[in-house]
Structure formats: C-alpha cells, structure tokens
Amino acid sequence: LEACEKIGGCPTGEARITRGYNLPAKFVIHTVGPIWHGGDRNEDKLLANCYGNSLKLAIQNNVKTIAFPAISTGVYRFPLERAAEIAIREVRAFLESHPQIQEVIFASFGSQALETNQHILLKK
C-alpha cells in the first residue's frame with residue numbers, strides 16, 4: 001500500500017511498477033483496466049493499453065516472466081471472451097518484436113476463464 005501511494009495512482013490503461021517486497025516476484029506491475037459500459041467508451045483500446053504498457057515496463061526493468069490476470073473481467077464487467085481476445089492479441093504482437101520476455105502467464109480464475117483462454121490461444 002505504501003509503495004502504491006508513492007507512485008500516485010495509475011490512470012486507466014496505463015501501468016506503474018513497484019517492488020515485489022515479500023511476494024515471490026521481484027516487481028509488481030499495476031495497471032487499471034476500464035469499466036465496461038457496453039463498448040462505446042473506448043474500452044477495447046484502454047484494455048489493450050493495459051497489456052502494452054505493462055509489457056513495456058517489464059522490458060524497461062529486465063523482467064523475463066510476467067503474469068496477467070483477466071484484467072477488467074471481474075467487478076468491471078468486461079466480457080470475458082472479448083477481454084481474452086484483446087489480451088492474447090496484444091501480448092502476441094508485443095512478443096513478436098520483444099523476445100526479451102521469455103514467458104507470459106495468463107492467470108485464469110475459474111474454469112470458464114481457463115477454457116476461454118485456452119480456446120483463444122489455440123485458435124491461431
């Protein structure tokens with residue numbers, strides 16, 4: 001909490017980084033996803049920016065492995081399949097030109113999220 005207070009917040013679609021402290025990670029990259037309002041308030045682009053900006057911070061800090069939850073799909077109600085398609089598209093595109101990232105983990109909370117991610121990952 002203290003580290004997050006020092007970074008002064010994080011606007012939607014942007015990302016900030018703090019140390020991992022007692023977590024089993026050197027860093028925590030914080031990003032704020034959009035609240036779903038039906039898709040007419042630039043939600044797709046803001047969500048894509050969450051992934052792109054987080055990955056840029058990872059590169060800048062020599063991170064080799066990064067894990068993402070399904071950003072905005074919980075209380076922010078972003079449709080799960082749409083969010084997964086955006087996440088996977090953005091990560092794949094970023095990795096094409098940034099091989100420094102060696103592993104990306106999509107943390108799936110629940111069987112529906114897992115099955116959705118697996119389906120989209122296997123589509124291409």
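Residue numbers count from 1 along this sequence. All heavy atoms count here, side chains included; hydrogens, waters and symmetry mates do not.
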Residue Lys45 excluded, over 12 heavy atoms near NZ under 6.0 Å: no
Minimal non-hydrogen separation, Ile59 against His98, with atom names: CD1-CB, 4.0 Å
Neighbour count >12 (heavy atoms, 6.0 Å) for atom CG, Asp40: yes
Heavy-atom closest pair, residues Gly38 and Glu43: N-OE2, 3.4 Å
Shortest non-hydrogen contact between Leu121 and Ile88, atoms and distance: CG-CD1, 3.7 Å
Euclidean distance, Thr31 OG1 relative to Ile17 CD1, rounded to 0.5 Å: 12.0 Å
Path from Phe109 to Phe78 over hydrophobic side-chain contacts below 4.5 Å: no
Over all atoms of both residues, closest heavy-atom pair of Phe27 and Asn61: CE1-O, 3.7 Å
Any Phe106 side-chain heavy atom under 4.5 Å of Thr116 side chain: no
Residue that, paired with Ile29, satisfies side-chain contact (heavy atoms from CB on, under 4.5 Å) out of Leu55, Asn53, Leu57: Leu57
Ile7 side, atom CD1; Cys4 side, atom SG - distance, nearest 0.5 Å: 5.0 Å
Gly39 backbone acceptor or donor facing Asp44 side chain under 3.5 Å: no
Atom pair CG (Leu46) and CZ (Arg41), whose distance is rounded to the nearest 0.5 Å: 11.5 Å
Taking every non-hydrogen atom, the tightest pair across Gly33 and Ile71: CA-CG2, 3.7 Å
Donor-acceptor contact present, side-chain Ser72 to main-chain Pro34, <3.5 Å: yes
Arg77 vs Ile35 side-chain heavy atoms within contact, under 4.5 Å: yes
Of His30, Lys6, Glu2, the residue whose pairing with Thr18 passes side-chain hydrogen bond (donor to acceptor under 3.5 Å, both in side chains): His30
Reported CD1-to-CZ distance for the pair Ile120 and Arg82, which is rounded to 0.5 angstrom: 12.0 Å
Check: Gln100 side chain, Asn62 main-chain N or O, donor-acceptor pair, under 3.5 Å: no
Phe94-Tyr51 aromatic ring centre distance below 6.0 Å: no
Cationic N near anionic O, under 4.0 Å, Glu96 to Arg92: no
Gap between atom SG of Cys50 and atom CD of Glu90 - 0.5 Å precision: 10.5 Å
Heavy-atom closest pair, residues Val28 and Leu23: CG2-CD1, 3.6 Å
Atom pair CG/CG of Asn117 and Leu80 - distance to nearest 0.5 Å: 7.0 Å
